[in-house]
K.L.:
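Got a structure for you, written out below as structure tokens; questions coming shortly.
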Amino acid sequence: MENYNEINSFNGENVVDELNLLLFNIPDNLTVLEKIRWLYIKVGQIFSYNYKVVDDIQIAKQEINFLKNYVNRFQTCTQISYLFNLMLNNIEGCKSTVIERKANIRGVNAVEHVANLVTLETGEKYILDLTLDLYLIQSGCQTKHFGFDGDIENTCDIISLKECETMDKKLGLIKNNEYLDNEIQRLKEQLNSKDYSNIQDESQISYKINKIIPIIPKFNGYHEGKQFINKLFFELLDFPYKEFNLTYNHDGDMELVTCFKIENNSSCEWYLYDSKLGLINTNINNLTNMLSSGWNTKSQTLLNEINYNVKRL
């Protein structure tokens, strides 16, 4: 417990005051479900997933020490669910518990993925999986895990995406009056209708990436940004790609970026993704220089792709 801050600290940012501010200001004159929805979106704008759990499983098992009045922005699904659980139980007419989710959703190593199960006074039961929706909330897209997932026993109720949209409109939770999904769909139609006959293979990649870059928001956390990039690539890119992680350790803190190799017939382009800087065009020489200057990768495939001599690491 005493090492919790050190283990989880990325930038020392304490979000206790933000969480308390939300609890004191849940809007009145709303249904219980609308209050839960409002809190879900607002809390989802605060937290980021702690990707360090991949290298240190103990991070996921740490309990939050409330006596220190310190909660870091970066947490795992376990800590986010327990914190959110405390907040949900402050809403009159809502009872929340933390549950393990074993149906096609796994956690990291030996740690199960967990979420919240809320029960209303009417008897309705919903699964809220805030961790899975963080990147959608923070990008302005429509959530996919607010009462939309069932359980194995089919004992939970379902909230349609249309119902969520209706609540979001009423609560003023939709940025620019529409989900970012709509802009992504318009861009998809634009890219699909374009004539690429006069554009070389390599330039087609650059053309699409340059159209994608402007709609990538900045994220507080790497994990959410990376999930959003994969969403955009899946929906818009239409080219095969490989991804590799690169890390850099500085004064005990780890910086993480993802390297993408995007291929189109005989051509390929390399890009780096950083949560603050977005997508950056790079090349094999730049990657080699990074690896020679303190950056590391566990991917032998990447080292082979750029013909990097492992002995130089």
K.L.:
Which atom pair, heavy atoms only, marks the closest approach of G147 to L128?
P.N.:
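G147 and L128 have their closest heavy atoms at N-CD2, 3.7 Å.
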K.L.:
Okay, side chain of Q45, backbone of I137: is any donor-acceptor separation there less than 3.5 Å?
P.N.:
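Between the backbone of I137 and the side chain of Q45 there is no qualifying donor-acceptor contact (under 3.5 Å).
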K.L.:
Picking from E165, E34, E163, what satisfies salt bridge (Lys or Arg N to Asp or Glu O under 4.0 Å) with K170?
P.N.:
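Exactly one option meets the salt bridge (Lys or Arg N to Asp or Glu O under 4.0 Å) with K170, and it is E34.
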K.L.:
I'd like to know if R101 pairs up with D149 as an ion pair, taking the criterion as any Lys NZ or Arg NE/NH1/NH2 lying under 4.0 Å from an Asp or Glu carboxylate oxygen.
P.N.:
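Yes, this pair counts.
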K.L.:
Against F260, only a single residue in W270, F233, F239 fulfils ring-ring contact (aromatic ring centres under 6.0 Å, His included); can you say which?
P.N.:
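Exactly one option meets the ring-ring contact (aromatic ring centres under 6.0 Å, His included) with F260, and it is F233.
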K.L.:
So, Y135 versus F228, ring centres under 6.0 angstrom or not?
P.N.:
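No; F228 has its ring centre 6.0 Å or more from that of Y135.
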K.L.:
With distance as the sole test, does N192 use its side chain to make a donor-acceptor pair with the main-chain N or O of K188 at under 3.5 Å?
P.N.:
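Checking the backbone N and O of K188 against the side chain of N192, a donor-acceptor pair under 3.5 Å is found.
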K.L.:
Check whether any side-chain N or O of N90 sits under 3.5 Å from a backbone N or O of L86 as a donor-acceptor pair, and report yes or no.
P.N.:
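At least one qualifying donor-acceptor pair exists.
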K.L.:
In terms of heavy-atom contacts, does NZ of K95 have more than 12 from other residues, nucleotides or ligands at under 6.0 Å?
P.N.:
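Open: at most 12 neighbouring heavy atoms sit under 6.0 Å from NZ of K95.
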K.L.:
Decide yes or no on salt bridge (Lys or Arg N to Asp or Glu O under 4.0 Å) for K231 and D181, but give the supporting numbers first.
P.N.:
CA-CA 10 Å; K231 171 182 171 65; D181 305 85; 3.6 Å; yes
K.L.:
Main chain of I205, side chain of N264: is a donor-acceptor contact present, judged purely on distance under 3.5 Å?
P.N.:
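No.
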K.L.:
What is the ring orientation for Y40 with F146, classed by angle as parallel under 30°, tilted 30 to 60°, or perpendicular over 60°?
P.N.:
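Ring orientation of Y40 relative to F146: perpendicular.
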K.L.:
Please name the pair of heavy atoms, one in N89 and one in S96, separated by the smallest distance, quoted to 0.1 Å.
P.N.:
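Taking every non-hydrogen atom into account, OD1-N, 2.8 Å.
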K.L.:
Are D274 and L256 close enough, and set up right, to give a side chain to side chain contact (heavy atoms under 4.5 Å, CB included), and what steps lead you there?
P.N.:
CA-CA 8 Å; D274 176 88; L256 177 63; over 6 Å; no
K.L.:
Shortest non-hydrogen contact from P214 to N210?
P.N.:
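Scanning both residues, the minimum pair turns out to be CD-O, 3.1 Å.
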K.L.:
Counting only heavy atoms not in E189, do more than 12 fall under 6.0 Å of its CD?
P.N.:
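More than 12 within 6.0 Å, yes.
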K.L.:
Donor-acceptor pair, distance only, cut-off 3.5 Å: does the side chain of N14 make one with the backbone of N69?
P.N.:
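Such a contact is found between N14 side chain and N69 backbone.
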K.L.:
Return yes if a side-chain donor-acceptor contact under 3.5 Å exists between H223 and N50, otherwise no.
P.N.:
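Absent: no donor and acceptor within the cut-off.
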K.L.:
Search all heavy atoms of E269 against all heavy atoms of S206 and return the closest pair with its distance.
P.N.:
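Closest pair (atom of E269, atom of S206, distance): OE2-OG, 3.2 Å.
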K.L.:
Just by modelled atom types, is the H145 backbone N or O under 3.5 Å from a matching donor or acceptor in the T143 side chain?
P.N.:
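Here the side-chain-to-backbone pair does not exist.
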K.L.:
Could you tell me if K261 sits above the aromatic ring of Y271, with its cationic atom closer than 6.0 Å to the ring centre and no more than 45 degrees from the axis?
P.N.:
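No, K261 and Y271 do not form such a contact.
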K.L.:
How many angstroms lie between CD in Q185 and CD in Q190, if you round to the nearest 0.5 Å?
P.N.:
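The distance works out to 12.0 Å.
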K.L.:
What do the steps show when you test E124 against T119 for side chain to side chain donor-acceptor pair (under 3.5 Å), and what is the final call?
P.N.:
CA-CA 6 Å; E124 298 164 84; T119 304; over 6 Å; no
K.L.:
Does E243 come within less than 4.0 Å of K226, counting only side-chain N to carboxylate O?
P.N.:
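Counted as a salt bridge, because a side-chain N and a carboxylate O are separated by less than 4.0 Å.
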K.L.:
Start with the C-alpha gap between N230 and Y241, add the side-chain angles, then the distance that decides, and say whether side chain to side chain donor-acceptor pair (under 3.5 Å) holds.
P.N.:
CA-CA 10 Å; N230 282 128; Y241 67 91; 3.0 Å; yes
K.L.:
From C94 SG over to K35 NZ, what is the distance, rounded to the nearest 0.5 angstrom?
P.N.:
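One gets 10.5 Å once the value is rounded to the nearest 0.5 Å.
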K.L.:
Provide the closest heavy-atom pair for Y308 versus S292 in the form atom of the first, atom of the second, distance.
P.N.:
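In terms of heavy atoms, the two residues are closest at OH-OG, 3.2 Å.
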K.L.:
Once you round to the nearest 0.5 Å, how far does CG of L33 lie from OG1 of T31?
P.N.:
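Between L33 CG and T31 OG1, I get 5.5 Å after rounding to 0.5 Å.
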K.L.:
Does CG belonging to N25 count more than 12 external heavy atoms closer than 6.0 Å?
P.N.:
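Check passes, neighbour count above 12.
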K.L.:
What verdict does the side chain to side chain contact (heavy atoms under 4.5 Å, CB included) test give for L22 and I26, after you've listed the backbone C-alpha separation in whole Å, the side-chain angles of each residue and the deciding distance to 0.1 Å?
P.N.:
CA-CA 6 Å; L22 291 179; I26 297 175; 5.9 Å; no
K.L.:
Quick one: closest heavy-atom pair of D129 and V114, and the distance?
P.N.:
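The answer is OD1-O, 4.1 Å.
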K.L.:
Short question: side chain of Y196, backbone of L191 - any donor-acceptor pair under 3.5 Å?
P.N.:
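Such a contact is found between Y196 side chain and L191 backbone.
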K.L.:
Decide, yes or no, whether a salt bridge links E13 with R73 under the criterion of side-chain N to carboxylate O below 4.0 Å.
P.N.:
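Salt bridge between E13 and R73, a charged N being under 4.0 Å from a carboxylate O: yes.
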K.L.:
For the side chain of Q142 and the backbone of L161, is there at least one donor-acceptor N/O pair under 3.5 Å apart?
P.N.:
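A pair under 3.5 Å: yes.
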K.L.:
Once you round to the nearest 0.5 Å, how far does NZ of K208 lie from OG of S203?
P.N.:
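If we round to the nearest 0.5 Å, K208:NZ and S203:OG are 13.5 Å apart.
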K.L.:
Should I159 and I99 be counted in the same cluster of Ile, Leu, Val, Met, Phe, Trp and Tyr side chains packed under 4.5 Å apart?
P.N.:
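In one cluster with I159: I99, no.
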K.L.:
Got a donor-acceptor contact below 3.5 angstrom from the S139 side chain to the L136 backbone?
P.N.:
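Yes, the answer is positive, given that a donor and an acceptor are paired below the 3.5 Å cut-off.
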K.L.:
With a cut-off of 6.0 Å (strictly less than), are more than 12 heavy atoms of other residues, nucleotides or ligands near NZ of K276?
P.N.:
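Buried by this count: over 12 neighbours within 6.0 Å.
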K.L.:
Do F148 and V32 sit in the same hydrophobic cluster, where Ile, Leu, Val, Met, Phe, Trp and Tyr count as joined when their side-chain heavy atoms come under 4.5 Å apart?
P.N.:
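In one cluster: no.
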K.L.:
Ignoring hydrogens and angles, tell me if any N or O in the side chain of D168 forms a donor-acceptor pair with the backbone of L173 under 3.5 Å.
P.N.:
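Checked: no pair found.
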K.L.:
Is the shortest side-chain N to carboxylate O distance from R186 to E178 below 4.0 Å?
P.N.:
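Looking at E178 together with R186, the answer is yes, because their closest N to O distance falls below 4.0 Å.
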K.L.:
Between CD1 of I46 and CG of L83, what distance do you get to the nearest 0.5 Å?
P.N.:
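I46 CD1 to L83 CG: 10.5 Å, rounded to 0.5 Å.
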K.L.:
Once you round to the nearest 0.5 Å, how far does CG of L272 lie from CD1 of I280?
P.N.:
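One gets 6.5 Å once the value is rounded to the nearest 0.5 Å.
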K.L.:
Looking at K242 and E305, does any basic side-chain N land under 4.0 Å from a carboxylate oxygen?
P.N.:
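Result for this pair is yes, salt bridge flagged.
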K.L.:
Answer with yes or no whether the side chains of T258 and Y222 bring together a donor and an acceptor at under 3.5 Å.
P.N.:
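On atom types as modelled, these side chains qualify, holding a pair under 3.5 Å.
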